[in-house]
Amino acid sequence: MAECRTKTHFLLFLFCVFLLFFKGKSSWVINEEDNEHDMVQTRRDSTGSCDLSDGKWVFDQTYPLYDSNCPYLSSAVTCQRNGRPDSDYERWRWKPNGCSLPRFDALKFLGKMRKKRIMLVGDSIMRNQWESLVCLVQGVVPTGHKKVTYNGPSMAFHALDFETSIEFFWAPLLVELKKGPENKRILHLDLIEENARYWRGVDVLVFDSAHWWIHSEKWSSWDYYMEGQSLYKTMNPMLAYQKGLTTWAKWIDLNLDPRQTRVIFRSMSPKHNRENGWKCYNQKTPLAFFNRPNVPQQLLVLKGVLRRMRFPVYLHDITAMSAFRRDAHPSVYRRVLDQDKRQHPGSLSSDCSHWCLPGVPDIWNEMLSALL
């Protein structure tokens, strides 16, 4: 009898150990299966476990949230005004798999940002996103209670009653690009203060930097790289990108306080051009799926830099979700086409990098609003 009880207790002990091990093992397996992006997000964000970037595009007749007559849009992205004949590209919203993404609420956004500054820092695609954000909010701000101001490389939309500014700062490389001897353009991989001094005192900073780092030599914006006192004619673009991002990361770690400033880094916006086998002209629907999803090298470098930071930077990953949207670029409608060119638009050069507005950047900003 005693031997039976001993065996029973032993079996119960083994069962308890199994349960504990199984529970721990399951959690570990899930974490191992999570992609690198999810692990960065989990470590750096406390808003919940939902990955907003994992989802699908859903056609929705209640979109867009504004029209192309918004006065703050650049002519290059007002595809409807420029003669694009179809408009379904404006009517897709993003539906995350694990949660719901709230529809953009301009008054709620301005309420959250009352007496605050939000600054979007980056290249012309970040300008694309800034114009989208301004158009999303400006409709609820009465005429005479809003204005746009300019200060060097920055511009700002002010909602005066809310004491809120939505700002854009031009810094496509984040680090400093200067003229050197013989008028040569030098990209200083370890200098940033000339740009970063504008970022102090901002409540929410949203960064992007990717496209300019991989321009071909013909379109490169610099003649030399410089690090310390060393000058380089050539460098692996991804190594240079890593060095530049590391300079940015060190500045954030040393100069900002996470109790006062939120920092978000938006991943690179995908292109749909001839170089990667796609053309965006005359595309009217999103891609249904990818045969072999590609993770850009820039995104891998960015994740590595963010992982080594002390400051809690949120990675806003829009790369894969936007890659479905081959239909949403200006293409040939980046300018007004005369009647003759409308007859043969396929012969014109296409902009397959920026986005028509209203369009995809509006969804990025819905996600941004949810993050805040």
Side-chain angles (χ1 to χ4, degrees), residues 34-35 37-60 62-66 90-122 125-126 128-140 157 159 162 164-168 202-208 258 261-269 299 302-303 306 312-325 328 355 357-372:
D34 282 347
N35 62 30
H37 163 64
D38 291 333
M39 287 189 281
V40 172
Q41 300 293 55
T42 300
R43 185 166 71 86
R44 300 205 171 273
D45 180 59
S46 58
T47 58
S49 58
C50 179
D51 180 3
L52 293 177
S53 67
D54 178 26
K56 62 183 178 180
W57 290 98
V58 178
F59 193 76
D60 189 332
T62 67
Y63 280 68
L65 302 178
Y66 59 91
E90 298 179 337
R91 295 184 171 87
W92 293 87
R93 65 177 174 86
W94 182 250
K95 186 179 185 319
N97 288 329
C99 54
S100 61
L101 178 62
R103 188 182 179 93
F104 191 92
D105 184 324
L107 284 174
K108 187 175 180 181
F109 179 84
L110 288 170
K112 286 186 289 189
M113 294 304 300
R114 184 182 295 274
K115 295 186 177 181
K116 293 181 179 177
R117 299 170 61 195
I118 178 170
M119 179 183 284
L120 282 62
V121 181
I125 298 175
M126 188 61 95
N128 212 178
Q129 184 177 353
W130 176 81
E131 292 182 5
S132 159
L133 185 55
V134 170
C135 287
L136 284 166
V137 304
Q138 68 89 27
V140 301
F157 170 85
F162 292 87
T164 298
S165 65
I166 301 171
E167 307 173 34
F168 169 71
V202 178
D203 300 281
V204 180
L205 284 162
V206 185
F207 293 93
D208 94 311
T261 307
R262 291 282 302 274
V263 178
I264 297 166
F265 205 112
R266 198 207 69 216
S267 68
M268 71 177 296
S269 173
L299 186 52
L302 172 60
K303 288 175 179 176
L306 295 184
V313 176
Y314 184 90
L315 173 59
H316 180 196
D317 190 351
I318 55 84
T319 304
M321 62 176 284
S322 305
F324 287 101
R325 298 304 310 278
W355 303 91
L357 289 178
V360 170
D362 302 332
I363 308 302
W364 301 348
N365 285 323
E366 284 192 324
M367 297 169 80
L368 176 63
S369 181
L371 297 176
L372 297 177

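In what follows, residues are counted from 1 in the order of the sequence shown. Reckoned from all heavy atoms, side chains included, excluding hydrogens, waters and symmetry mates. What you see is a predicted model; the values in this text were computed from it and never measured.
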Check: Between Phe265 and Phe207, what is the ring plane arrangement, given parallel below 30°, perpendicular above 60°, and tilted in between?
Finding: parallel
Check: Which of these passes ring-ring contact (aromatic ring centres under 6.0 Å, His included) with Trp92: Phe324, Phe59, Trp57?
Finding: Phe59
Next item on the list: Specify the closest pair of heavy atoms between Lys116 and Asp203, including all atoms of both residues, with the distance to one decimal.
Entry: CA-OD2, 3.2 Å
Notebook entry, point to check: Taking the side chain from Ser53 and the backbone from Ile318, do they hold a donor-acceptor pair closer than 3.5 Å?
Noted result: no
Check: With a 4.5 Å heavy-atom cut-off, do Val137 and Met113 have their side chains touching?
Finding: no
Next item on the list: Examine distances only and state if a side-chain atom of Ser165 and a backbone atom of Arg117 form a donor-acceptor pair shorter than 3.5 Å.
Entry: no
Give the table of side-chain donor-acceptor pairs shorter than 3.5 Å for residues 360-372, with sequence neighbours excluded, one pair per line with atom names and distance.
from, atom 1, to, atom 2, distance (Å)
Asp362, OD1, Tyr66, OH, 2.7
Asp362, OD1, Ser132, OG, 2.5
Asp362, OD2, Tyr66, OH, 3.3
Asp362, OD2, Gly359, N, 2.8
Trp364, NE1, Ser322, OG, 3.0
Asn365, OD1, Gln129, NE2, 3.0
Asn365, ND2, Gln129, O, 3.1
Asn365, ND2, Ser132, OG, 2.9
Asn365, ND2, Pro361, O, 3.3
Glu366, OE1, Tyr63, OH, 3.4
Glu366, OE2, Tyr63, OH, 2.8
Glu366, OE2, Phe104, N, 2.9
Ser369, OG, Lys112, NZ, 3.3

Next item on the list: Test side chain to side chain contact (heavy atoms under 4.5 Å, CB included) on Leu120 and Arg266 and set out the steps.
Entry: CA-CA 10 Å; Leu120 282 62; Arg266 198 207 69 216; over 6 Å; no
Next item on the list: List the steps, then state whether side chain to side chain contact (heavy atoms under 4.5 Å, CB included) holds for Thr62 with Arg103.
Entry: CA-CA 10 Å; Thr62 67; Arg103 188 182 179 93; 3.0 Å; yes
Notebook entry, point to check: Could Arg325 and Trp355 be counted as a cation-pi pair, given that NZ or CZ must be under 6.0 Å from the ring centre and within 45° of the axis?
Noted result: no
Checklist line | With Val313, the side chain to side chain contact (heavy atoms under 4.5 Å, CB included) member among Ile264, Leu205, Leu306 | finding: Leu306
Notebook entry, point to check: Can any side-chain N or O of Trp130 pair as donor or acceptor with the backbone N or O of Ile166 at less than 3.5 Å?
Noted result: yes
Item checked: Those residues that, when tested against Phe162, pass side chain to side chain contact (heavy atoms under 4.5 Å, CB included) (two or more places apart) -> Leu107, Leu110, Arg114, Ala159, Thr164
Note to self: Working note: Asp317 + Leu299, criterion side chain to side chain contact (heavy atoms under 4.5 Å, CB included); need CA distance, chi angles, decisive distance, verdict.
What the structure shows: CA-CA 9 Å; Asp317 190 351; Leu299 186 52; 4.0 Å; yes
Margin query: So if I apply the side chain to side chain contact (heavy atoms under 4.5 Å, CB included) rule between Phe109 and each of Val140, Leu133, Leu136, which one comes out positive?
Written below: Leu133
Next item on the list: Please name all residues satisfying side chain to side chain contact (heavy atoms under 4.5 Å, CB included) with Ser100, sequence neighbours left out, ordered by chain then number.
Entry: none
